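Model, not experiment: these values are computed from the prediction.
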Amino acid sequence: MISYTFNELLPFGFEIKNLTQMNQRACSITSKPHRTNFYQIIRITSGKTIQKVDFSPIEVREGQILFIGKDQVLSFDVESTYTGEIILFTDDFYIRNEYERRLIKQSELFNPFTKNIPVETHEYLDSIWELMKKIYSPEQDPYIPDILHHLLSSFLIYSKKITSHSLNILSSSCYSVTLEFSLAVEKNYKILRKVNNYVSSLGISPKALSKALKNTVGKSPKEYIDERILLEAKRLLVYSELNIKEISFELGFDEPTNFSKFFRKCVGISPIDFKKQHLS
């Protein structure tokens, strides 16, 4: 799998690019599945596009914004007719306190179970974006990073407000439980695959956890854990050079045969056949 890190030649971890120009200049690169160690916000200004994120095609239309989390696998659409812009930023640039850490790690914009839902833009968001474009400069100006940081924070907070209303989660206790569970799974899914492991660490009963996930994502805790393992398995099968044995050990399986049985049970075909289908 192709992995990209943030451009170290830039003086700080924030950048705004013209999406159309970026794809035209490097379509052979951007169209291929790749992973990044930074966050991406795509804003479509005309037309519509189908961006592929973690095997899922996501339609983003004019007037919508798509948030893509760090470490997700993205293939840019270089075929459709559309225009847009993209913001790239890193943890080091944005996270300066606990509130900002929670906004990035635990809000519905980038968290593991509500990612990649296009957000309808708003005149306030458009105004902030345009202001960031005017102010952004990669030159060594000591004031620009702080100004951009505050503007980006305002943009993210207002986007969170919009998504919170649309997902009806402003006061949902089920959402809070599901969020804590999803973050724990994201951190430990390669070594902890039993629900009881998470129940004990979260200090919640199995019944309460099951109810929370059923109400928020429509899945059982076991299904959620299995789907996270499965997503990483698919990523590694299609986008990495690892063989089946290496992938099985990478995901915490004792034997490749156990991994193959798990994959076939979930997907209906063997890991080898899945890889062939997506590489053909």
* In plain terms, say whether Lys105 and Glu100 are close enough for a salt bridge, that is, a side-chain N and a carboxylate O under 4.0 Å apart. => no

* **Phe12 and His149 aromatic centres sub-6.0 Å** => no

* **Residue pair Ile229 / Leu251: nearest heavy atoms and the distance that separates them** => O-CD1, 4.1 Å

* To do: For side chain to side chain donor-acceptor pair (under 3.5 Å), just list the numbers for Ser220 and Ser210, CA-CA rounded to whole Å, side-chain angles, deciding distance to a tenth of an Å, and then say yes or no.
  => CA-CA 6 Å; Ser220 71; Ser210 296; over 6 Å; no

* Centres of the Phe89 and Phe38 rings: under 6.0 Å? -> no

* Asked: Between Glu232 and Lys190, is the closest basic N to carboxylate O distance under 4.0 Å?
  -> no

* Val267-Leu242 co-clustered via ILVMFWY side chain contacts under 4.5 Å -> yes

* Asked: Taking atom types as modelled, is there a side-chain donor on Thr45 or Thr83 under 3.5 Å from an acceptor on the other?
  -> yes

* To do: Please lay out, stage by stage, how Ser153 and Tyr94 fare under the test side chain to side chain donor-acceptor pair (under 3.5 Å).
  => CA-CA 8 Å; Ser153 189; Tyr94 183 69; 3.0 Å; yes

* Approximate separation, where rounding is to 0.5 Å, of Phe259 CZ and Ser248 OG -> 7.0 Å

* Tell me, with the steps shown, if Gln72 and Asn116 meet side chain to side chain donor-acceptor pair (under 3.5 Å). => CA-CA 10 Å; Gln72 287 198 277; Asn116 314 128; 2.8 Å; yes

* To do: Could I get the full list of side chain to side chain donor-acceptor pair (under 3.5 Å) partners for Asn215, not counting sequence neighbours?
  => none

* **Which atom of Phe55 lies closest to which atom of Val238, heavy atoms considered** => CE2-CG2, 4.0 Å

* Do you know the tightest heavy-atom contact between Ser154 and Tyr124? -> CB-OH, 4.3 Å

* Asked: Do Asp91 and Arg101 meet the salt-bridge criterion of a basic N to acidic O distance under 4.0 Å?
  -> no

* Which pair of non-hydrogen atoms, one from Met132 and one from Leu148, has the smallest distance, and what is that distance? -> O-CD2, 3.8 Å

* Determine the sole option in Ile58, Ile86, Val73, Ile42 for which the side chain to side chain contact (heavy atoms under 4.5 Å, CB included) test with Ile68 is passed. => Ile42

Quick one: side chains of residues 194-202, donor-acceptor pairs under 3.5 Å with protein atoms, not counting sequence neighbours, listed by atom name and distance.
unit_1, atom_1, unit_2, atom_2, d
Tyr198, OH, Leu192, O, 2.7
Ser200, OG, Asn196, O, 3.2
Ser200, OG, Asn197, O, 3.0
Ser201, OG, Asn197, O, 3.4
Ser201, OG, Tyr198, O, 3.0

* For the pair Arg235 and Asp54, find out whether any cationic side-chain nitrogen is under 4.0 Å from an anionic carboxylate oxygen. => yes

* To do: State plainly whether the residues Lys245 and Glu255 are in salt-bridge range, i.e. N to O under 4.0 Å.
  => no

* Consider only side-chain heavy atoms of I, L, V, M, F, W and Y, link residues closer than 4.5 Å, and tell whether Leu66 and Ile50 are in one cluster. => no

* State whether Lys48 and Glu59 are salt-bridged, where the test is any N-O pair (Lys NZ or Arg NE/NH1/NH2 against Asp/Glu carboxylate O) under 4.0 Å. => yes

* Asked: Is atom CD of Glu8 surrounded by more than 12 heavy atoms (other residues, nucleotides or ligands) closer than 6.0 Å?
  -> no

